[in-house]
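Let me begin by presenting the structure, written as structure tokens, before commenting on it.
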Amino acid sequence: MKTLLLILFLGAISLPHIGQAQQRLDGIVYDVITKQRLGEVQIRNIGNNNSIYNDSRGEFSITASPGDQLIFRKAGYLSDTIVYKNQAALIVNLKEAVKQIQEVQVYGRRNPDDVLDEMKREYKKAFNLAAPKEAISIGPTGVGLSIDYLYSMVSKEAKNARRFTEFIGKVHEQNIIDYRFTPELVRNLIGLEGEDLQVFMKLFRPSYEFISTATEMQLRNYIKKQYEIFKLHPNLRPLRELPDIKLDVKKEK
């Protein structure tokens, strides 16, 4: 009899846990205003301390039990907490924490050539070391190899200067692209705003080779053509950016 009572007691204790079994919960996260799907949203289940990120299409799948609290967080958005009530699926809408800066910022870009001239003044020594040297020197004793040329070929300082000036040249090219391919131009031409505008600017950023030769009309036609592709693939997202590489070069004093 005692054994039977013990079995019944243990069964009664386990019944609530059976009812609270973990279930798979699927869902999608949207921007509450634009209705665009939001990726890279963190979803944390307080009940089982499970934490995941949704995919680039805004979709997620997580285990939960009825009564569990799910917290949704994304950079730039207000977090939201939802109690799971055995729904078949969840549709989550997040609201931006602040207005997109691009919508109110007044852009004032400097001419890339002016920026390059300033860099050359600040790093005058590096540019002088990196400048091509005459290989042949003519002196009182005759013709020979220039000391400056030999130094520029073998010295570590000169090699670093050449690498640095090559890096500045690449920065100059990117500045030229930014100077012509602007958010204002894209917004006024095809009407994109907010996150869509940012994504389009990254995905369809033109090359320096194109920008350096394209007319204003060619640039506008390029943007319109890429927009047609963008509309066919609205969930395209750029790859994560690599960290910046900083070069330690002293400015001219």
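What you see is a predicted model; the values in this text were computed from it and never measured. When reading the values below, keep in mind they use all heavy atoms of this one structure, side chains included, and skip hydrogens, waters and symmetry mates.
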With side chains defined as the heavy atoms from C-beta onward, is the minimum distance between Asp31 and Asn93 less than 4.5 Å?
-> no
The complete set of salt bridge (Lys or Arg N to Asp or Glu O under 4.0 Å) pairs with one or both residues in residues 74-95, sequence neighbours excluded, reads none
Are side-chain N/O atoms of Tyr84 and Asn45 paired as donor and acceptor at under 3.5 Å?
-> no
Sequence neighbours excluded, the answer for ring-ring contact (aromatic ring centres under 6.0 Å, His included) partners of Tyr30 is none
Got Leu25 and Leu90 here, is their nearest side-chain heavy-atom distance under 4.5 Å?
-> yes
Asp68 (side chain) donor-acceptor with Ser65 (main chain) under 3.5 angstrom = yes
Please check if Val29 and Tyr53 belong to a single hydrophobic cluster, counting links between Ile, Leu, Val, Met, Phe, Trp and Tyr side chain heavy atoms closer than 4.5 Å.
-> no
Can a donor-acceptor pair be found between the side chains of Glu40 and Asn54 at a distance below 3.5 Å?
-> no
For residues Pro206 and Ile177, report the shortest heavy-atom separation together with the two atoms involved.
-> O-CD1, 3.5 Å
Decide whether Thr63 and Arg24 meet the rule of one side-chain donor and one side-chain acceptor closer than 3.5 Å.
-> no
Could you please spell out the steps behind the side chain to side chain contact (heavy atoms under 4.5 Å, CB included) verdict for Leu70 and Val83?
-> CA-CA 6 Å; Leu70 304 175; Val83 177; over 6 Å; no
Does the distance from a Lys or Arg side-chain N to an Asp or Glu carboxylate O, for Glu228 and Lys225, drop under 4.0 Å?
-> no
Looking only at atom types and distance, does a side-chain atom of Glu173 sit under 3.5 Å from a main-chain N or O of Lys170, one as donor and one as acceptor?
-> no
Counting only N and O atoms by type, is there a donor-acceptor contact under 3.5 Å from the side chain of Thr182 to the main-chain atoms of Asp178?
-> no
Does any N or O in the side chain of Asn188 come within less than 3.5 Å of the main-chain N or O of Glu184, such that one atom is a donor and the other an acceptor?
-> yes
Heavy-atom distance under 4.5 Å between the side chains of Val41 and Arg73, does that happen here?
-> no
Please check if the side chain of Thr215 supplies one atom and the backbone of Gln218 the other of a donor-acceptor pair under 3.5 Å.
-> yes
Donor-acceptor under 3.5 Å (Arg180 side chain, Ile211 main chain) = yes
Treat each ILVMFWY residue as a node, draw an edge where side-chain heavy atoms are under 4.5 Å apart, and state whether Ile71 and Ile43 are in one component.
-> no
Which word best sums up how the rings of Tyr222 and Phe210 line up, parallel for under 30°, tilted for 30 to 60°, or perpendicular for over 60°?
-> tilted
Shortest non-hydrogen contact from Arg37 toward Arg57 | CD-O, 2.6 Å
Shared ILVMFWY cluster between Phe204 and Met201, side chains joined below 4.5 angstrom?
-> yes
Quick one: sort the Phe230 and Tyr227 rings into parallel, tilted or perpendicular, breaks at 30° and 60°.
-> parallel
Side chains of Phe167 and Thr165: closer than 4.5 Å at any heavy-atom pair?
-> no
When you look at Gln69 and Thr81, which way does the side-chain hydrogen bond (donor to acceptor under 3.5 Å, both in side chains) test go after all the steps?
-> CA-CA 7 Å; Gln69 292 186 351; Thr81 301; 5.9 Å; no
Val171 side chain near Leu116 side chain, heavy-atom distance below 4.5 Å | no
Which atom names give the shortest non-hydrogen contact between Ile28 and Glu59, and what distance separates them?
-> CG1-CG, 4.0 Å
Could you tell me whether the side chains of Asn49 and Arg44 share a donor-acceptor contact shorter than 3.5 Å?
-> yes
Does any donor atom in the side chain of Gln226 or Arg205 lie under 3.5 Å from an acceptor atom in the other side chain?
-> no
